[in-house]
Amino acid sequence: MAAPPQLQALLRTVNALLRKRRYHAALALIKGFRNGIVYGVKIRAPHALVMTFLFRSGSLRDKLRAILQATYTHSRNLACFVFAYKGLCALQSRAQGKTSPAHSFLAAFVGGFLVFGDNNSINSQINMYLTSRVLFALCRLGVEKGYLPELRWDPFPWYTAVVWGLVLWLFEYHRPTLQPSLQSSMTYLYEDSNVWHDISDFLIYNKSRPSE
């Protein structure tokens, strides 16, 4: 079924507007905001669903509310950051008449401070996720630029050993320093596996049900 003529005309007008280069920077902000929302939902919703039902206690309503709140916070923050970053980059480029690597850093610095500066669980997870990847990237960049020597042997096994050694040491002896979701995961793996009463909470359930 064909669309009404009025709708077709509106779509042609909108598509013509979207193709105009003069509006590209402004439209990129809107598209970036949209992509931030979509990506945030795709990333956070499955993670929140699994972590909430695996570790969180409370009613089904409370769990669903927690999932929706985490998804909303993640997607909102990501969308706002993309909007701020692209907007600040565009403003700097327009002001100086050219683009510069410093523009990217300054725009992200300001956007990160404003959007992800609030110390909550969602922002902490996102920032820690980025920290590990930034460190990896900086090491690779250092080798690429010649600031760091390129090793003839693979350091990854030693890096892995140090990371796992440190995280288990922190979990066993300095647990409050670890992020709460990591504490929950490690408690499930390394402590709950030490306790059982019968076959039900040995193989089927992690812990005995309250009725038992």
Side-chain angles (χ1 to χ4, degrees), residues 24-25 28-29 31-33 35-48 50-51 70 74-75 77-190:
H24 184 270
L29 298 182
K31 180 69 181 290
F33 188 86
N35 283 7
I37 292 175
V38 173
Y39 189 81
V41 170
K42 286 184 176 181
I43 292 296
R44 178 56 57 174
H47 177 270
V50 172
M51 296 301 291
H74 192 139
S75 60
N77 287 4
L78 194 56
C80 290
F81 176 80
V82 174
F83 188 90
Y85 171 75
K86 294 175 75 67
L88 290 171
C89 281
L91 287 175
Q92 292 177 94
S93 297
R94 179 178 290 273
Q96 294 190 356
K98 62 179 181 179
T99 59
S100 167
H103 294 170
S104 179
F105 177 83
L106 290 174
F109 181 92
V110 174
F113 183 87
L114 294 177
V115 178
F116 292 110
D118 185 21
N119 190 3
N120 57 52
S121 60
I122 302 298
N123 288 347
S124 293
Q125 290 173 0
I126 294 173
N127 290 336
M128 285 188 288
Y129 174 89
L130 289 177
T131 298
S132 61
R133 282 148 181 79
V134 167
L135 291 176
F136 260 84
L138 287 176
C139 289
R140 289 169 177 160
L141 182 62
V143 172
E144 179 183 312
K145 298 294 185 180
Y147 302 136
L148 297 174
E150 185 171 0
L151 300 177
R152 297 182 179 179
W153 47 275
D154 185 7
F156 190 80
W158 292 101
Y159 155 78
T160 301
V162 170
V163 168
W164 282 95
L166 287 174
V167 75
L168 266 299
W169 173 72
L170 288 169
F171 175 72
E172 296 288 358
Y173 300 104
H174 304 280
R175 188 172 308 184
T177 62
L178 296 176
Q179 203 264 347
S181 65
L182 179 57
Q183 292 184 43
S184 298
S185 300
M186 300 189 79
T187 297
Y188 182 86
L189 291 170
Y190 304 111

Check: Taking side chain as C-beta onward, heavy atoms only, is Ile122 less than 4.5 Å from Arg44?
Finding: yes
Notebook entry, point to check: Met51 versus Ser185: any side-chain heavy-atom pair under 4.5 Å?
Noted result: yes
Margin query: What I want to check is whether the side chains of His47 and Gln125 have a donor and an acceptor closer together than 3.5 Å.
Written below: no
Item checked: Nearest heavy atoms of Phe81 and Gly112, plus distance in Å -> CE1-N, 3.3 Å
Next item on the list: With rounding to the nearest 0.5 Å, note down the distance linking CG in Leu114 to OH in Tyr85.
Entry: 15.0 Å
Check: Between Tyr159 and Phe136, is the gap from one ring center to the other below 6.0 Å?
Finding: yes
Note to self: Has Glu150 got a side-chain atom pairing as donor or acceptor with Val143's backbone, closer than 3.5 angstrom?
What the structure shows: no
Item checked: Distance in Å, Asn77 CG paired with Ile126 CD1, rounded so as to fall on 0.5 Å steps -> 6.5 Å
Check: Say you draw a straight line from NE2 of His74 to CD1 of Ile37; how long is it, rounded to the nearest 0.5 Å?
Finding: 12.0 Å
Notebook entry, point to check: Are there more than 12 heavy atoms of other residues, nucleotides or ligands under 6.0 Å from atom CZ of Phe171?
Noted result: yes
Item checked: Side-chain donor or acceptor of Asn127 paired with backbone N/O of Asn123 under 3.5 Å -> yes
Note to self: Please check if the number of heavy atoms outside Trp153 that lie under 6.0 Å from its CH2 is greater than 12.
What the structure shows: yes
Check: Going from CE on Met128 to CG on Leu178, what distance comes out if it is rounded to the nearest 0.5 angstrom?
Finding: 9.0 Å
Margin query: Rounded at 0.5 Å granularity, tell me how far CG in Leu135 sits from CZ in Arg140.
Written below: 11.5 Å
Notebook entry, point to check: Are Arg175 and Tyr173 in a cation-pi contact, defined as NZ or CZ under 6.0 Å from the six-membered ring centre and within 45° of the axis?
Noted result: no
Check: Hey, does Phe33 have a side-chain heavy atom less than 4.5 Å from the side chain of Lys86?
Finding: no
Check: Is Gln179 reaching over with its side chain to a backbone N or O of Ser181, donor-acceptor style, under 3.5 angstrom?
Finding: yes
Check: So, do Val167 and Met186 sit near enough that their side-chain heavy atoms are less than 4.5 Å apart?
Finding: yes
Item checked: Check: Ala90 main-chain N/O paired with Ser93 side-chain donor or acceptor under 3.5 Å -> no
Check: In Å and rounded to the nearest 0.5 Å, what is the CG to NZ distance from Asn35 to Lys42?
Finding: 9.0 Å
Checklist line | Shortest non-hydrogen separation from Gly111 to Ala84 and the atoms involved | finding: CA-CB, 4.5 Å
Item checked: Candidate list Val115, Leu29, Leu78, test side chain to side chain contact (heavy atoms under 4.5 Å, CB included), partner Phe83, passing option -> Leu29
Note to self: Is it the case that the side chain of Ser104 and the backbone of Pro101 share a donor-acceptor pair, with hydrogens and angles ignored and the cut-off at 3.5 Å?
What the structure shows: no
Item checked: Donor-acceptor pair, side chain of Gln92 and main chain of Leu88, under 3.5 angstrom -> yes
